[in-house]
Amino acid sequence: MSELRTLRNYINGEFVDAADGRTLDVVDPTTGEVYATSPLSGAADVDAAMAAAAAAFPVWRDSTPSTRQKLLLKIADAVEARADEIVDAEVRNTGKPRGLTLSEEIGPMVDQLRFFAGAARLLEGKAAGEYMDGLTSIVRREPVGVCAQVAPWNYPMMMAVWKFAPAIAAGNAVVLKPSDTTPASTVLLAEIIGGVLKELELPAGVFNVICGDRETGRLMVEHRTPAMASITGSVRAGMQVAESAAKDVKRVHLELGGKAPVVVFEDADIDEAVEGIAMAGYFNAGQDCTAATRVLVHESIHDAFVEALAKAAADTKTGGVDDEDVLYGPLNNANQLQQVAGFIERLPAHAKVEAGGHRVGDKGYFWAATVVSGLQQDDEIIQNEVFGPVITVQKFTDEDQAVGYANGVEYALASSVWTKDHARAMRMSRRLDFGCVWINTHIPLVAEMPHGGFKKSGYGKDLSSYGFEDYTRIKHVMTAI
């Protein structure tokens, strides 16, 4: 057995162990075996990281937008230059296919870093104006302060970028915690970012990474120093963060779960819809809050659609990081494998497994691409997020029923409509109660457009100028003239 890697916290420009020496095992999801240890950070570590960020913040707050832009552009260049190394860390984190991780994640990450580098130059308030005789008003847009950020395990390195890039662009200092199951790529990003900060002679405490578990995250959110807490994670985790942050009225940014409806009307091209939905449902093993995993199909094409989707599922391969023709790797961890299996084991009698429905192999956390039909609106698997490669199918009779089924869950992150009828697509985009509506596609994201939901999917936006503004505050300045 190869020697275990030792991952460490990154605080104020230095790699350090947890103050009390505690560690967590980090497991390779393709094998189920421990390959590294990471710090189990406690109160002392959180204090140290917050102190570093707080010390760096006044300097970074007062830096020019061009300085912030230069930092993010150099980080983007460094990520691009070390892409293979970063991908190696990420596939060990997650078990994702290496080729897809390189092509589908590194490019968007670099693009998002460069987008927020540009946004840094657009941080401005309202122009001066007189709204009362003898008085001039100015609106300043300022950074909020130190940001406590928690990233998830489904896209560890990309979600880290979604967190720190807008925060740093706006002039904030960051303490970022990766998931306890996927710390490797975030620790490597810390090394890269730390090197750029040092090269530009900027405060090391602008960016800090501490590893740990749920308790570590709670300590971060409840700490007195941060002005804002930002988390991408489960609804339960988001509710806990909001409750903790309420104790001292911190600003909160939550991107939580999803249960995306995919509404397929009778005029849709079945082959095109099935191809797009299978890709958007099974990519990353369905471990995506926007995944196309809850399909609603018009009754007139239901049977043909299910048959075609089941065939697509059977043709979809899971496997190791370097296996050929693999769309997705394993589920992230043993608990997630148990969760997905539990949904299938508890299916009601009226449900039918059309494809998959089982674990693949006896090593690692692989699950077959699955299709389940015959479901009803109040079934557990319709109402709750599976977060695995499982696509459910329901039938509907008309547009009103489709809208009722689509909106009839507690999540409201993303959705899609498949139809050739432009007017119907526009009606559906208005009626669907979700933060994103795709038409005749599902899952593309661009840096310029906002990502975020309603209801139990959280509040606040990632990406775009809206996501950037979330990391700022507004100040009114009035002067007598």
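Reckoned from all heavy atoms, side chains included, excluding hydrogens, waters and symmetry mates.
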F396 and Y405 aromatic centres sub-6.0 Å: no
Are any of the side-chain heavy atoms of V264 and I301 separated by less than 4.5 Å? yes
Looking only at heavy atoms, which two atoms of H442 and A291 are closest? And how far apart? NE2-C, 3.8 Å
List the atom of L463, the atom of M449, and the distance in Å for their closest heavy-atom pair. CB-O, 3.5 Å
Does a side chain donor of either Y471 or S230 reach within less than 3.5 Å of an acceptor in the other side chain? yes
Do W367 and Y282 have ring centroids that are under 6.0 Å from one another? no
Regarding T419 and D421, is there a side-chain donor-to-acceptor distance under 3.5 Å anywhere? no
Between S464 and E448, do the side chains contain an N or O donor and an N or O acceptor separated by less than 3.5 Å? no
Check whether F265 forms a cation-pi arrangement with R424 (NZ or CZ under 6.0 Å from the six-membered ring centre, at most 45° off the ring normal). yes
Taking side chain as C-beta onward, heavy atoms only, is F434 less than 4.5 Å from N407? yes
May I ask you to test the M109-V79 pair for a side-chain heavy-atom distance under 4.5 Å? yes
Does the side chain of Y35 come under 3.5 Å of the side chain of D25 through a donor N or O and an acceptor N or O? no
Answer yes or no: is there a side-chain heavy-atom contact under 4.5 Å between N208 and Y10? no
Can you establish whether the number of heavy atoms outside E410 located under 6.0 Å from its atom CD is more than 12? no
Side chain proximity check, N384 to F343, heavy atoms < 4.5 angstrom: yes
Under 3.5 Å side-chain donor-acceptor pair for N93 and E90: yes
Is the closest side-chain donor-acceptor distance between R294 and T392 under 3.5 Å? no
Between E266 and K420, does any side-chain N to carboxylate O distance fall below 4.0 Å? no
Could you tell me whether the side chains of S373 and K352 share a donor-acceptor contact shorter than 3.5 Å? no
Consider side chain to side chain contact (heavy atoms under 4.5 Å, CB included). Of N332, N284, V321, which one does K96 pass it with? N284
Taking D88 first and then R92, would you say they form a salt bridge - that is, a charged N and a carboxylate O separated by under 4.0 Å? no
Is it true that the side chains of T216 and K177 contain a donor and an acceptor less than 3.5 Å apart? no
